[in-house]
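First the proteins, then the strands, lettered A, B, ... as listed; each starts at 1. Note that this is a predicted model, so its numbers are computed, not measured.
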Protein chains: 2
Amino acid sequence: MEYIVDNIKSQMRKGLLEYCILLILNKKEAYASSIIEELKQANMIVVEGTLYPLLIRQKNQGLLNYRWEESTQGPPRKYYMITDKGRSLISEMDLAWQEIVSTIETIRK
Amino acid sequence: MEYIVDNIKSQMRKGLLEYCILLILNKKEAYASSIIEELKQANMIVVEGTLYPLLIRQKNQGLLNYRWEESTQGPPRKYYMITDKGRSLISEMDLAWQEIVSTIETIRK
DNA sequence: TAAAATACCTTGTATAACAAAGTAGTATTT
DNA sequence: AAATACTACTTTGTTATACAAGGTATTTTA
């Protein structure tokens, strides 16, 4: 039974990830590990193998850019930042999210 | 640009579908086409090729049952109804859904 | 200098949604 | 009565995403 719940939970999170990444980067540029950390704080577990390809994908779609930056404690970090295109996508996704929330409410009646 | 939005929207809906089906059947038994209709009313487009395998999956997981019923206008219909197991899953998923909503709020700050 | 830590990246697998096509029973039209 | 339309259920092949697991490289620490 638990495995069913876990599976559905992870399915629910799917698709929201892209939105979350944009929301996070809309506030402040960040590098992958710090994004994972922030998501964890917000109760959303994501692993590296999920996030890295996603960032690359969004970068290739022109939603993000990045620059390398030296770290004082470890290897250099790839800081991602949102682009204008990414920002305008966010407003559309805000709407889509509200729609989904209201869809669930409607179905629940 | 539009195709990006549409893609993300459809990704967002993913995973929520299972939850929606259970919510719908929790109110009243229904057959596939009528479920699709109700989802459409609530602004969630789903096609047959998506729904039928999902219903079969949930049936195999013991979340649903079904019975055949004659129709006065067309071929017989397969009415699905939720089981006790399905009902107890719903309460867990209600929690999961609230968690997700609050995750988005947290990230948005 | 070896081990640990940090950070990035890639590959293979499983799953879910969808498009599209198929099957079959029932109703309608000619 | 035969052909067509409609309703409903089902299956197949494709695509996309998340994840587990493993890999590379740089820096710090023991």
Side-chain angles (χ1 to χ4, degrees), chain A residues 3-22 29-40 44-61 63-64 66-80 100 103, chain B residues 3-22 29-40 44-61 63-80 96 100 103:
Chain A
Y3 76 95
I4 299 182
V5 180
D6 288 342
N7 182 46
I8 296 183
K9 275 188 187 176
S10 101
Q11 287 302 318
M12 276 180 166
R13 281 194 318 249
K14 271 193 188 184
L16 290 177
L17 245 188
E18 301 220 29
Y19 183 36
C20 289
I21 303 310
L22 292 177
E29 58 181 44
Y31 63 101
S33 308
S34 68
I35 293 174
I36 289 176
E37 194 46 43
E38 176 157 2
L39 287 170
K40 200 187 290 176
M44 183 177 278
I45 304 299
V46 180
V47 297
E48 295 182 324
T50 300
L51 185 60
Y52 282 99
L54 194 158
L55 289 171
I56 291 166
R57 208 160 64 232
Q58 292 192 330
K59 199 268 164 187
N60 290 338
Q61 290 178 321
L63 307 176
L64 308 178
Y66 69 80
R67 69 155 200 284
W68 286 98
E69 189 168 309
E70 296 296 318
S71 164
T72 55
Q73 39 184 352
R77 296 165 175 175
K78 205 171 179 177
Y79 275 86
Y80 282 91
I100 284 172
T103 291
Chain B
Y3 74 96
I4 299 183
V5 179
D6 288 342
N7 183 46
I8 296 184
K9 273 188 188 177
S10 100
Q11 287 302 318
M12 277 180 166
R13 281 194 317 247
K14 272 191 189 186
L16 290 177
L17 244 187
E18 301 221 30
Y19 183 37
C20 290
I21 303 309
L22 292 177
E29 58 182 43
Y31 64 102
S33 308
S34 68
I35 294 174
I36 289 177
E37 195 45 44
E38 176 158 0
L39 287 170
K40 200 187 289 178
M44 183 177 279
I45 304 298
V46 180
V47 296
E48 295 181 322
T50 299
L51 185 60
Y52 282 97
L54 194 159
L55 289 171
I56 291 165
R57 209 161 62 234
Q58 291 192 330
K59 199 268 165 186
N60 290 337
Q61 290 177 321
L63 307 176
L64 308 180
N65 268 321
Y66 68 80
R67 69 154 201 284
W68 286 99
E69 189 167 310
E70 296 297 317
S71 164
T72 56
Q73 40 184 352
R77 297 165 174 174
K78 207 171 179 177
Y79 276 85
Y80 283 91
I100 284 172
T103 292

Any side-chain heavy-atom pair from [X] and [Y] closer than 4.5 angstrom?
{"X": "A:Ile35", "Y": "A:Leu55", "value": "yes"}
{"X": "B:Leu17", "Y": "B:Met44", "value": "yes"}
{"X": "A:Lys9", "Y": "A:Val5", "value": "yes"}

How long is the line joining [atom1] of [X] and [atom2] of [N], in whole Å?
{"X": "B:Asn7", "N": "C:dC18", "atom1": "CG", "atom2": "P", "value": "11 Å"}
{"X": "B:Leu54", "N": "C:dT15", "atom1": "CG", "atom2": "C1'", "value": "12 Å"}
{"X": "A:Ile36", "N": "C:dA7", "atom1": "CD1", "atom2": "P", "value": "10 Å"}
{"X": "A:Met12", "N": "C:dA16", "atom1": "CE", "atom2": "C1'", "value": "15 Å"}
{"X": "A:Tyr52", "N": "C:dT11", "atom1": "OH", "atom2": "P", "value": "16 Å"}
{"X": "A:Glu37", "N": "C:dA5", "atom1": "CD", "atom2": "C1'", "value": "15 Å"}
{"X": "A:Asn60", "N": "C:dC9", "atom1": "CG", "atom2": "P", "value": "12 Å"}
{"X": "A:Arg57", "N": "C:dT10", "atom1": "CZ", "atom2": "P", "value": "14 Å"}

Counting any heavy atom closer than 4.0 Å, what does [X] reach on the DNA or RNA strands: base, sugar-phosphate only, or nothing?
{"X": "B:Gln11", "result": "sugar-phosphate"}
{"X": "A:Glu18", "result": "sugar-phosphate"}
{"X": "A:Thr50", "result": "base"}

Do you know which two heavy atoms are closest between [X] and [Y], and how far apart they sit?
{"X": "B:Leu51", "Y": "B:Ala32", "result": "CD2-O, 3.4 Å"}
{"X": "B:Pro75", "Y": "B:Ser71", "result": "O-CB, 3.5 Å"}
{"X": "B:Lys78", "Y": "B:Tyr31", "result": "O-CB, 3.2 Å"}
{"X": "B:Ile8", "Y": "A:Gly15", "result": "CG2-O, 4.3 Å"}

**Message:** One pair to check against side-chain contact (heavy atoms from CB on, under 4.5 Å): A:Leu39 and A:Ile21. What are the steps and the verdict?
**Reply:** CA-CA 9 Å; A:Leu39 287 170; A:Ile21 303 310; 4.1 Å; yes
**Start and end of chain A contact along DNA chain D [non-hydrogen atoms, under 4.0 Å]** =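 The footprint of chain A covers D:dT17 to D:dT28.
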List every contact pair, protein side and nucleotides 23-27 of chain C side both N or O, where the distance is under 3.5 Å.
from: C:dA27; atom 1: OP1; to: B:Thr72; atom 2: O; distance (Å): 2.9

**Asked** Say you draw a straight line from CD1 of A:Ile36 to OH of A:Tyr52; how long is it, rounded to the nearest 0.5 Å?
**Response** 6.0 Å
**Request:** Establish whether the base of C:dC18 is bridged to the side chain of B:Glu48 by a donor-acceptor pair shorter than 3.5 Å.
**Result:**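 No, no donor-acceptor pair under 3.5 Å.
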**Message:** Closest-nucleotide mapping onto DNA chain D: is A:Lys14 or B:Tyr80 further toward the 5' terminus? I mean the 5' end.
**Reply:** B:Tyr80
